[in-house]
Amino acid sequence: MTENHDQTEITGEEMNELMRVRREKMAAIEARGIEPFGRKYNFTHRAAQVLEEFEQLEGKSVRLAGRIMAVRGHGKASFAHIMDMSGRIQLYFRQDVLGADGYEEFGLIDIGDIVGVEGEVFRTNRGEISVKVTGLEILAKSLRPLPDKWHGLKDVETRYRQRYLDLIVNPEVRDTFIARSRIIQSIRRNLDNKGFLEVETPMMQPIAGGAAARPFITHHNALDMNLYMRIAPELYLKRLIVGGFEKVYELNRNFRNEGISIKHNPEFTMVELYQAYADYQDIMQLTEEIYVAVALDVLGTTKITYQGQEIDLTPPWTRMTMTEAVKKFSGVEFAAKSVEEARAIADSLEVKYDKKDGIGKILSNIFEEVAEEKLIQPTFIIGHPTEISPLAKRNKENPDITDRFEFFIYGREMGNGFSELNDPIDQKERFLAQVADRESGDDEAHMMDEDYVIALEHGLPPTGGLGIGIDRMVMLMTDNYSIRDVILFPHMRPQRD
RNA sequence: GACCCACUAGCUCAGUUGGCAGAGCACCUGACUUUUAAUCAGGGUGUCGAUGGUUCGAGUCCAUCGUGGGUCACCA
């Protein structure tokens with residue numbers, strides 16, 4: 001039962017004085033016949049609850065469990081703060097209450113230890129609601145010191161690598177991830193209420209479809225075959241629409257083998273949804289509804305501040321075609337009828353393009369260069385060229401563009417949706433065009449998915465689809481500058497040296 | 001992938017022209033029974049990211065490497 005911790009060695013690094021002292025205290029605790037790593041503790045209240053219900057609880061006994069965050073000794077009495085998930089509350093330890101032995105045991109407690117306490121709720125002379133401890137139980141001895149109580153933990157690398165420390169000492173980080181959970185909850189509740197069915201489709205796919213991106217490759221040993229980590233669930237979700245699930249969504253991870261930046265993590269979270277018999281106009285409205293509901297649920301307002309910039313999420317958001325956006329922000333009318341004309345316009349705006357790029361891709365490049373970062377307030381950009389939208393339905397009047405939108409907030413692409421291409425003949429041709437691009441060296445072009453085409457041949461109802469980047473949405477709602485600050489464990493290189 | 005910046009005590013940070021490694025918090029010792037960034041007196045706990053080089057002498061200058069951050073490139 002009782003493990004012997006006397007000779008505990010530490011691997012991989014030297015023990016400093018602070019750690020040595022804590023291990024000595026652990027040994028002293030064991031010497032008193034107490035387990036330094038305890039067991040279940042029945043608490044009656046959480047810290048915030050005691051503060052809120054002080055009127056009823058004053059003079060009564062409560063049991064709390066949490067981490068010791070500060071200790072202020074005063075000889076035969078001491079104050080401390082304990083933190084649980086709800087917040088912090090002050091503890092008051094007195095020798096005459098605990099007895100000489102009990103007070104000595106309190107002396108073996110360090111900042112960072114997990115303890116259970118029982119005691120009477122009261123208010124100090126200075127007015128702070130506190131618990132006068134009558135019983136103390138050590139639940140987990142902390143063998144390493146916490147970061148600075150005042151400055152917290154700032155070192156970005158440590159914050160990401162040891163996120164638990166970040167969460168312990170930086171309250172705003174806790175708040176961000178609590179908000180993230182609420183945001184996801186809001187989206188689920190909203191879609192569930194609208195009759196959407198949440199589904200799970202393969203993360204490992206034989207063909208990485210549904211987006212233009214480089215996939216991660218993994219290997220299945222028993223089948224001796226390579227699989228791709230999915231870059232999008234799109235093609236599977238639309239198979240489910242074929243199967244008669246008329247409203248489906250999946251809220252989960254995608255993986256893209258691309259560079260890491262302030263807006264990109266190799267694995268990121270998206271919600272993708274598909275609604276049969278709807279079109280991109282309906283989906284734009286749904287997008288607004290989702291955003292507004294999240295903002296109201298999490299922030300209580302649709303007027304938010306991001307990086308000092310006021311952003312008004314109140315619908316309807318501006319709708320603008322890609323060519324209109326280019327006109328608005330560059331003054332140039334993009335009406336190219338040939339690749340040569342398109343290149344000339346791009347050249348005049350000093351926008352780069354590839355030799356193999358067609359009119360549509362060049363327009364898209366121009367848009368990204370001149371307009372994207374200017375779209376601060378929520379804006380739907382519509383009318384994407386068919387050339388860059390191989391899964392979207394063509395516009396009825398102009399087959400060179402699609403019934404598609406992307407929406408931008410603070411100059412960032414936040415999501416993408418369209419009327420789904422449900423013509424299997426057209427889809428097959430679009431795949432073939434992508435395959436040709438792939439063969440000419442574009443390793444981000446879509447792969448041919450014959451099985452998906454067969455599904456379309458069975459009949460995909462007219463369908464509207466949407467993908468919203470959850471991480472970027474959380475960044476916006478929590479005013480975080482980097483995607484790493486809204487992902488608990490962002491991708492990092494393994495540490496060396 | 002390119003360029004720029006950072007890396008000093010457990011944490012947050014100073015460190016001048018190349019001349020004995022510093023502060024606050026934390027920690028240790030002592031005092032203190034309503035404090036709260038408790039206070040008071042004393043104590044510095046270190047492979048200055050790593051490895052080479054220049055130099056009488058390197059935290060500081062040079063080179064290479066590592067990790068992180070930023071900008072760009074890339075990227076529905």
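Chain naming here is simple, since letters A, B, ... match the order of the sequence lines and numbering starts at 1 in each.
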Item checked: Nucleotide forming a Watson-Crick or wobble pair with B/G59, both distances under 3.5 Å -> none
Next item on the list: Would you indicate what A/Tyr481 reaches in the nucleic acid, counting non-hydrogen atoms under 4.0 angstrom: base, sugar-phosphate, or nothing?
Entry: sugar-phosphate
Margin query: Tell me whether the side-chain N/O atoms of A/Arg484 come closer than 4.0 Å to OP1 or OP2 in B/G70.
Written below: yes
Next item on the list: Give the minimum heavy-atom separation between A/Arg343 and A/Ile362, together with the two atoms involved.
Entry: CG-CD1, 3.7 Å
Check: Across all strands shown, which nucleotide pairs with B/C7 by Watson-Crick or G-U wobble geometry, both distances under 3.5 Å?
Finding: B/G66
Checklist line | Spacing between A/Phe489 atom CZ and B/G68 atom C1', to the nearest angstrom | finding: 18 Å
Notebook entry, point to check: Atom CD1 of A/Ile262 and atom C1' of B/A73: how far apart are they, to the nearest Å?
Noted result: 16 Å
Next item on the list: Could you let me know what B/U36 is paired to, Watson-Crick or G-U wobble, both distances under 3.5 Å, or none if it's on its own?
Entry: none
Check: Does the gap between the ring centers of A/Tyr249 and A/Tyr274 come in under 6.0 Å?
Finding: no
Notebook entry, point to check: In Watson-Crick or G-U wobble terms, both distances under 3.5 Å, what is the partner of B/U12?
Noted result: B/A23
Check: Within the pair A/Arg126 and B/U36, is there a side-chain N or O less than 4.0 Å away from OP1 or OP2?
Finding: yes
Margin query: Please name the nucleotide paired to B/C48 by Watson-Crick or G-U wobble geometry with both distances under 3.5 Å, or report none.
Written below: none
Margin query: Classify A/Asp96 by what it touches in the nucleic acid, base, sugar-phosphate, or nothing, heavy-atom distance under 4.0 Å.
Written below: base
Check: Would one find a side-chain N or O of A/Asn16 under 4.0 angstrom from OP1 or OP2 of B/G10?
Finding: yes
Check: So A/Phe407 and A/Trp317, would you call those rings parallel, tilted or perpendicular, with 30° and 60° as cut-offs?
Finding: tilted
Note to self: Tell me which nucleotide, if any, is Watson-Crick or G-U wobble paired with B/G1 when both distances must be under 3.5 Å.
What the structure shows: B/C72
Next item on the list: Could you point out which residue of A/Arg161, A/Arg159, A/Lys154 forms a salt bridge (Lys or Arg N to Asp or Glu O under 4.0 Å) with A/Glu157?
Entry: A/Arg161
Note to self: Before we go on, tell me: are the rings of A/Tyr280 and A/Phe418 under 6.0 Å apart, centre to centre?
What the structure shows: no
Next item on the list: Report yes if a side-chain nitrogen or oxygen of A/Lys149 is closer than 4.0 Å to either non-bridging phosphate oxygen (OP1 or OP2) of B/A26; otherwise report no.
Entry: yes
Notebook entry, point to check: Does B/C75 have OP1 or OP2 sitting under 4.0 Å from an N or O in the side chain of A/Arg214?
Noted result: no
Notebook entry, point to check: Given B/G68, is OP1 or OP2 found less than 4.0 Å from the side-chain N or O atoms of A/Arg161?
Noted result: yes
Note to self: Between A/Leu146 and A/Lys76, which residue's closest nucleotide on RNA chain B lies nearer the 5′ terminus?
What the structure shows: A/Leu146
